[in-house]
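Please read the structure below before turning to the comments.
Because the structure is a prediction, the values reported are computed rather than measured.
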Amino acid sequence: IGGWLLLRGTDDPGFLTLLVALPALFLSAWDPDPVLHGRGQRRLAGIALAGRWALFAAILLLVAYPDDAPKLLSIGAGLALTVNFGTHLAIARIAGLPLIPLFDHKIRIAGAGALWGAALLGALYWGMLPFLMEYLRPDIAALAILGLQILNSAAALLGRLDRIILPLLASRAWQHIPLGLLTSIAALPVLAVAAILPLAVPDIQEVALPLILAEWLFIACVGFVVPLFVSRSREGALLRLHLIFLPAAILAQLAMAALLPDPLTLLLGLRVLTVMGLLLGASLALEYPAGRTSLAVLAILPLSALAMAAAPAARLPVLVIGAGFCLYAIWRNRQAEDGQ
């Protein structure tokens, strides 16, 4: 709120949204979903998740319907968020969970604390991009932020794979999960969207392509490595990787935005390099031999995007070649896993 007042003041209609959504920020601190899963109440957890987002969408549709009520839309957007998190807590209360969690301080929580710290850094790194986009390219900021939300939602679905990967790792049913394999799988939708989106929105392809690459690589590929660190009790190493790369990347992007005349392409390229560094560091920290394949996949993505942007007629061949390379990397990693 202090930052908003400093930059925009109270006249901006978004300030009203922020005030109404303020309870949601506090309610979001207590997420009962993992506890419900841990107690075996998976169906109730699913109902809680689906129900809160259904209410969220319904409120937004109601307040967005009148064309001449911007104040109603501002209030409704904040109210939708508050109802969203309040519904989750109501379901938790129905399930008999305390609204104020009790902690056993004898339990070691260093690993959870490290994961929390890494998540905070990741949220700061990802969340600064919409503000930079609005500052650098206000003409396409709304469309870019919408694209980021779609990518984030798709990555959240991929993030649910940890419900499958972690039990397999815990039971040692899948001891070697190659990073290159996961990176290659994540790369396929990147190439597909990078080929399709410029056809729908040709005016912003020079920004859209690297934007898709940078953000998908961060929120999807980096999310894949978290279960690997957790299964080996290496949460501290994961936090150290984030501390090495993300603060420097955040400061560099802010400096670029403030000092360079047209820094967006360089800024997005830096975000791709940041993810490449994180994945390489993860490969070394976990002693996985697939780090070279991961980096090869990551290297071909920006090259493919540049080729499709420079020569739209070559978009289909580049897409086929890039997808073929990713499929080859998947096959190669499967071979390596079978050999191990």
Transitive ILVMFWY side-chain link Phe245 to Leu124, under 4.5 Å: yes

In chain order, what residues pass the side chain to side chain donor-acceptor pair (under 3.5 Å) check against Arg240, with sequence neighbours excluded? none

In the single-linkage hydrophobic clustering (I, L, V, M, F, W, Y; side-chain heavy atoms under 4.5 Å), do Leu259 and Leu132 co-cluster? no

Can you measure from CD1 (Ile244) to CG (Leu278) and round to the nearest 0.5 angstrom? 9.0 Å

Between Ala80 and Ile59 the two heavy atoms that sit nearest each other are CB-CG2, 3.9 Å

Distance-only donor-acceptor pairs under 3.5 Å for side chains of residues 141-148, two or more places apart:
none

Members other than Leu120 in its cluster, when Ile, Leu, Val, Met, Phe, Trp, Tyr link by side-chain heavy atoms under 4.5 Å? Trp116

Smallest separation among heavy atoms of Thr17 and Ala77, with atom names: CG2-CB, 3.8 Å

The side-chain contact (heavy atoms from CB on, under 4.5 Å) partners of Leu243 (sequence neighbours excluded) come to Leu121, Leu239

Fellow cluster residues of Ile47, listed by chain then number, with links counted only when side-chain atoms sit under 4.5 Å apart: none

Over all heavy atoms of both residues, which pair between Leu270 and Ala249 is shortest? Give the atoms and the distance, please. CD2-O, 4.1 Å

Kindly work out whether a path of hydrophobic side-chain contacts (I/L/V/M/F/W/Y, heavy atoms less than 4.5 Å apart) joins Leu62 to Leu81. no

Of all residues at least two apart in sequence or in a different chain, which pass the side-chain contact (heavy atoms from CB on, under 4.5 Å) check with Leu44? Leu36, Gln41, Ile91, Ala95

Could you tell me the separation between the OH atom of Tyr125 and the CD1 atom of Ile250, rounded to the nearest 0.5 Å? 8.0 Å

Using the test side-chain contact (heavy atoms from CB on, under 4.5 Å), find all partners of Trp53 that sit at least two apart in sequence or belong to another chain. Leu49, Phe56, Asn84

Please find the pair of heavy atoms, one from Leu97 and one from Pro32, that lie closest to each other, and give the distance. CD1-CB, 3.8 Å

Nearest heavy-atom contact between Ala118 and His242 is O-CD2, 3.5 Å

Does anything in residues 87-96 pair up under side chain to side chain donor-acceptor pair (under 3.5 Å), and if so which pairs, sequence neighbours excluded? Arg52-His88

Judged by atom type as modelled, is there a donor-acceptor pair below 3.5 Å linking the side chain of Thr82 to the main-chain atoms of Val20? yes

Non-neighbouring partners of Gln253 that pass side chain to side chain donor-acceptor pair (under 3.5 Å), sequence neighbours left out: Arg271

Would Leu241 and Leu246 count as a side-chain contact (heavy atoms from CB on, under 4.5 Å) if you check the C-alpha gap in whole Å, the side-chain angles of each, and the deciding distance to 0.1 Å? CA-CA 8 Å; Leu241 273 178; Leu246 295 191; over 6 Å; no

Residue pair Leu115, Val230: steps toward the side-chain contact (heavy atoms from CB on, under 4.5 Å) verdict: CA-CA 9 Å; Leu115 282 177; Val230 172; 3.9 Å; yes

CG of Leu16 to CG of Leu73: how many Å apart, nearest 0.5 Å? 10.5 Å

Applying side chain to side chain donor-acceptor pair (under 3.5 Å), name anything that partners Arg234, two or more places apart in sequence or on another chain. none

Can you name the residues that form a side-chain contact (heavy atoms from CB on, under 4.5 Å) with Leu260, not counting sequence neighbours? Met256, Pro263, Leu266

